[in-house]
Amino acid sequence: MSLQLLCQNLQEAAACLRSGHTLIFPTETFYGLGCLATNAAAVDLVYQLKRRPVHKPLLLLAADIEQVRAVADIAAMPEALAAFWPGPLTVLLPAKAVLPPALVNERGQVAVRVTSHPVAAALAREAGGPLTASSANLNGGQPACEVEKLAPELLAALESRGQIPCVVTDAPRPQGGLPSTLVEPLADEDGGAGGRAPRLRIIRAGAVSQKCLESAGFIVEE
């Protein structure tokens with residue numbers, strides 16, 4: 001499949017997302033395979049295309065904090081974490097009922113962040129809600145930060161289902177590097193008495209280091 005066939009207008013791509021399609025688009029780190037997170041059928045297709053086990057919930061990308069609020073209970077997030085958005089910090093929060101069960105873990109949480117990539121943010125904004133943002137590779141395969149390195153099997157599977165293989169624009173390409181850091185806010189054991197610093201657990205280490213979180217005033221626990 002030629003690079004020319006992989007190009008897609010941003011507005012057309014957002015319309016495809018609204019109509020239930022999946023597509024590949026750039027994020028801060030790698031190309032992601034995604035769909036509108038509130039569309040259960042499209043979410044199921046992402047799992048099928050990636051050959052990803054259904055017990056592994058996908059992460060979500062939001063255009064802004066209001067989109068996060070639409071799918072998760074933002075009150076469960078310490079206010080200071082918002083300083084890391086937009087950026088590569090993904091937060092586990094109680095999920096709202098608008099999300100398909102496949103995106104919610106066994107504790108009723110969804111993993112979501114506000115993206116700093118202009119294309120990903122524009123797509124979520126134009127599509128009208130957060131997008132799933134698993135890396136655009138088959139389960140267990142290597143993520144790609146160059147279009148030419150996307151798995152041919154994945155592109156062929158997308159094309160065979162009438163999906164949009166990729167979105168390529170003049171905006172910044174994925175930069176590779178570490179994935180987003182995934183954290184879980186922990187309940188305050190003493191109800192906030194004594195001005196205790198908020199606690200976090202790092203579920204997946206990544207671009208935002210433990211030291212950076214501690215410097216922002218968080219207690220990071222195992």
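Everything quoted here is computed from the prediction, not taken from an experiment. Numbers here are sequence positions counted from 1.
When every heavy atom of Thr29 is checked against every heavy atom of Pro174, the shortest pair comes out as O-CB, 3.1 Å. The minimum heavy-atom distance between Ala14 and Leu123, with the atom names listed, is N-CD2, 4.0 Å. Gly176 and Phe30 get closest at one heavy-atom pair: CA-CE2, 3.8 Å. Between Ala63 and Ala121, the shortest heavy-atom distance links the atoms CB-O, 3.4 Å. Residues Ala37 and Leu60 share a closest heavy-atom pair of CB-CD2, 3.8 Å. Among all heavy-atom pairs drawn from Leu10 and Ala122, the shortest one is CD2-CB, 3.7 Å.
Here CG of Leu213 is found 12.5 Å from CD1 of Ile219. Values are rounded to the nearest 0.5 Å. One distance of note links CG of Leu131 with CZ of Arg125; it measures 11.0 Å at 0.5 Å rounding. Note that the OH atom of Tyr47 and the OG1 atom of Thr132 stand 8.5 Å from one another [nearest 0.5 Å]. To the nearest 0.5 angstrom, Ile202 atom CD1 is 8.0 Å from Ser209 atom OG. For the atom pair CG (Leu23) and CG (Leu33), the distance works out to 8.0 Å, reported to the nearest 0.5 Å. How far OG1 of Thr22 is from CG of Leu158: 5.0 Å, rounded to the nearest 0.5 Å.
Judged purely by distance below 3.5 Å, without hydrogens or angles, the side chains of Thr115 and Glu28 pair a donor atom with an acceptor atom.
Hydrophobic side-chain contacts under 4.5 Å tie Leu178 to no other Ile, Leu, Val, Met, Phe, Trp or Tyr residue.
Counting heavy atoms from C-beta on, the side chains of Gln48 and Val54 never come closer than 4.5 Å. When side chains are defined from C-beta on, Val46 does not count as touching Val43, because their heavy atoms never get closer than 4.5 Å. Side-chain contact between Asn137 and Pro143 is present, with heavy atoms from C-beta onward closer than 4.5 Å. Annotation: side chain of Arg173 is not in contact with side chain of Cys145 (no heavy-atom distance under 4.5 Å). Proximity of Arg199 to Pro185: side-chain heavy atoms (C-beta onward) are nowhere separated by under 4.5 Å. Leu200 places none of its side-chain heavy atoms less than 4.5 Å from the side chain of Leu186.
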Legend entry - Verdict with supporting geometry, Leu17 and Glu126, side chain to side chain contact (heavy atoms under 4.5 Å, CB included): CA-CA 9 Å; Leu17 288 168; Glu126 292 290 328; over 6 Å; no
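Tracing side-chain contacts under 4.5 Å through hydrophobic residues (I, L, V, M, F, W, Y), one never reaches Val112 starting from Leu182; they form parts of separate clusters. One hydrophobic cluster, built from ILVMFWY side chains closer than 4.5 Å, cannot hold both Leu59 and Val208; they sit in different ones. Leu103 and Val71 fall within a single hydrophobic cluster, where Ile, Leu, Val, Met, Phe, Trp and Tyr are joined by side-chain heavy atoms under 4.5 Å apart, directly or via other members. Placement of Leu99 and Ile74 within a single hydrophobic cluster is found when ILVMFWY residues are connected by side-chain heavy-atom separations under 4.5 Å, directly or transitively.
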Show me the side-chain donor-acceptor pairs of residues 84-98 shorter than 3.5 Å, one per line, residues at least two apart or across chains.
| from | atom 1 | to | atom 2 | distance (Å) |
| --- | --- | --- | --- | --- |
| Trp85 | NE1 | Leu89 | O | 2.7 |
| Thr90 | OG1 | Ser180 | OG | 2.8 |
| Lys96 | NZ | Arg69 | O | 2.8 |

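Checking side-chain atoms of His21 against main-chain N and O of Cys35 turns up no donor-acceptor pair under 3.5 Å. No donor-acceptor pair under 3.5 Å is formed between the side chain of Glu159 and the backbone N or O of Leu155. Under a 3.5 Å cut-off, the side chain of Gln67 and the backbone N or O of Ala124 do form a donor-acceptor pair. Proximity of a side-chain donor or acceptor of Lys50 to a complementary backbone N or O of Ser135 within less than 3.5 Å is detected.
Within a 6.0 Å radius of CZ in Arg18, more than 12 heavy atoms belonging to other residues, nucleotides or ligands are found.
Between Arg107 and Glu184, at least one side-chain N (NZ, or NE/NH1/NH2) sits under 4.0 Å from a carboxylate O, which counts as a salt bridge. Comment: Glu221 does not engage Arg201 in a salt bridge, judged by the lack of any side-chain N to carboxylate O separation of less than 4.0 angstrom.
A search for salt bridge (charged side-chain N to carboxylate O under 4.0 Å, His left out) contacts involving Arg161 returns nothing, not counting sequence neighbours.
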